[in-house]
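Below: one structure, written as structure tokens.
Every heavy atom of this structure was used, including side-chain atoms; hydrogens, water molecules and symmetry mates were not.
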Amino acid sequence: MSATDHSRAAAGALLLCRADPDRVRPSAQLLREPLLVAPAGGGWSVLVPAEEPGPGAAENPAALTAEWTHALTVAESWPAVGLWWDEEGAGFVVAAGFRRTLGYTWLADGSPLGDEGALTALRARLGLDPVLDAAAFDRLTAPDSDADAAARVRGLVAVLARAGLHLPQGLVPGASARTLRAAMEAAPSAEAVEWPGWRAAMRDGLDATERGPLGTWVRGPRARALGTAELLAGAVLLSRARRAERPRRGWALAGAVLLADGALTIAYDAWRGRGPRTR
């Protein structure tokens, strides 16, 4: 089959997260969809649907990929890239927190049909090289009769490899969803992600936060010291606001916020320190 013969094109999707699986898992559980997750290089994870999508989703992989990618990152500090392809074309979406989710599409023959802003957002949100990687992206949007839509997405994966992405064997854009699942199941470090219920999902989310870069300020000696400092600072501000000759609503508000945040920080540390209850 030639590079531009799409009569046998398959549909599929990959979700690439700029974080380790332990940090990705809580957000992936909230999708309430059966997924498979595996490491994909240093600081990367890849997610693949563990079941066949429903009829509507199968007909529009681009919309489903955008929805899942946005949901994965809406409350996280790390970005994610969703790749999709079917017989009509291929493309990607990039999401990060509450920032706008952007996407880019190539038609089946590889012709670009997208917003250049999506490529700019992809470079910025993933911290890619503004010169070398920008040149590589320019080649992905230039006319090329030998590159179909799937080849364009494979080229994008090659660019992301410069940032440490390394997909498990068999996860190749253009493959069918069944082939992707089989490759993930064969990956030695892959694991299933399923909805565990609200209580377990909340516990996993808290654990992931505490293991993150700000974890020492959420729980532990630093968190307790921070909470105590906020309590003291809040008390001082409230006292000065009351003693001032003129009303100092700004001081009073800041003091109340510091008191509340300090109390919550100390209470959270004490609650988490108790551990699970046993009978």
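Here the side chains of Ser239 and Val236 are not in contact, with every heavy-atom distance at 4.5 Å or above. The closest side-chain heavy-atom distance from Leu156 to Leu122 is below 4.5 Å. Counting heavy atoms from C-beta outward, Glu76 and Val24 have side chains that stay 4.5 Å or more apart. Between Val193 and Pro34 the shortest side-chain heavy-atom distance does not fall below 4.5 Å. A 4.5 Å side-chain heavy-atom check between Leu83 and Trp85 finds at least one atom pair inside the cut-off. Looking at heavy atoms from C-beta onward, Leu126 lies in side-chain contact with Pro79 at the 4.5 angstrom threshold.
Two different hydrophobic clusters hold Leu64 and Val46 under the rule that ILVMFWY side chains link at heavy-atom gaps under 4.5 Å. Hydrophobic clustering (side-chain heavy atoms under 4.5 Å, transitive across Ile, Leu, Val, Met, Phe, Trp, Tyr) keeps Val37 apart from Leu171. Cluster annotation: Leu102 is not connected to Val93 through the hydrophobic network of ILVMFWY side chains, with a link wherever side-chain heavy atoms come within less than 4.5 Å. One hydrophobic cluster, built from ILVMFWY side chains closer than 4.5 Å, cannot hold both Leu72 and Leu165; they sit in different ones.
Residues that satisfy the side chain to side chain donor-acceptor pair (under 3.5 Å) test with Thr101, not counting sequence neighbours, are His70. Partners of Pro130 by side chain to side chain contact (heavy atoms under 4.5 Å, CB included), not counting sequence neighbours: none found. Looking at residues two or more places apart in sequence or on another chain, you find a side chain to side chain contact (heavy atoms under 4.5 Å, CB included) between Ala71 and Leu31. Among residues two or more places apart in sequence or in another chain, the side chain to side chain donor-acceptor pair (under 3.5 Å) test is passed with Glu191 by Arg25.
Looking at every heavy atom in both residues, Trp84 comes nearest to Thr65 through CB-OG1, 3.5 Å. The minimum heavy-atom distance between Val153 and Pro173, with the atom names listed, is CG1-CB, 3.7 Å. The shortest non-hydrogen separation linking Val94 to Ala121 is CG1-CB, 4.3 Å. The minimum heavy-atom distance between Pro49 and Leu35, with the atom names listed, is CA-CD2, 3.8 Å. Between Ala96 and Thr73, the shortest heavy-atom distance links the atoms N-OG1, 3.6 Å. Minimum heavy-atom separation, Gly103 to Ala118: O-CB, 3.4 Å.
Atoms OG and CH2, from Ser27 and Trp68 in turn, are 14.5 Å apart once rounded to the nearest 0.5 Å. Atom CD in Glu33 sits 12.0 Å away from atom CG in Leu47 (nearest 0.5 Å). The distance from atom CG of Leu16 to atom CG of Leu167, rounded to the nearest 0.5 Å, is 6.0 Å. The structure places CG of Asp129 at 10.0 Å from CZ of Arg123, a figure rounded to the nearest 0.5 Å. Rounded to the nearest 0.5 angstrom, Asn60 CG and Asp86 CG are separated by 8.0 Å. Separating the OG atom in Ser77 from the CZ atom in Arg23 is a distance of 4.5 Å, to the nearest 0.5 Å.
Proximity of a side-chain donor or acceptor of Ser45 to a complementary backbone N or O of Ala19 within less than 3.5 Å is detected. At least one donor-acceptor pair under 3.5 Å links the side chain of Arg152 to the backbone N or O of Leu140. Looking at Asp20, its side chain never comes within 3.5 Å of a backbone N or O of Asp22 through a donor-acceptor pair.
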Item to complete: List the steps, then state whether side-chain contact (heavy atoms from CB on, under 4.5 Å) holds for Phe137 with Thr120.
Response: CA-CA 9 Å; Phe137 283 137; Thr120 302; over 6 Å; no
Fill in: Thr179 and Val172: CA distance, side-chain angles, deciding distance, side-chain contact (heavy atoms from CB on, under 4.5 Å) verdict
CA-CA 9 Å; Thr179 300; Val172 180; over 6 Å; no
Worksheet entry | Thr69 vs Leu15, side-chain contact (heavy atoms from CB on, under 4.5 Å): CA-CA, chis, key distance, verdict | CA-CA 7 Å; Thr69 305; Leu15 303 175; 3.5 Å; yes
Practice prompt. List the steps and the verdict of side-chain contact (heavy atoms from CB on, under 4.5 Å) for Arg181 and Glu51.
Written response: CA-CA 8 Å; Arg181 287 196 302 273; Glu51 296 180 356; 5.8 Å; no
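Within the structure, side-chain hydrogen bond (donor to acceptor under 3.5 Å, both in side chains) contacts touching residues 153-175 (residues at least two apart or in different chains) are Asp133-Arg162.
The hydrophobic cluster around Val74 extends to Phe98, counting ILVMFWY residues whose side-chain heavy atoms fall within less than 4.5 Å of a member.
Aromatic ring orientation, Trp106 versus Phe92: tilted (interplanar angle from 30° to 60°).
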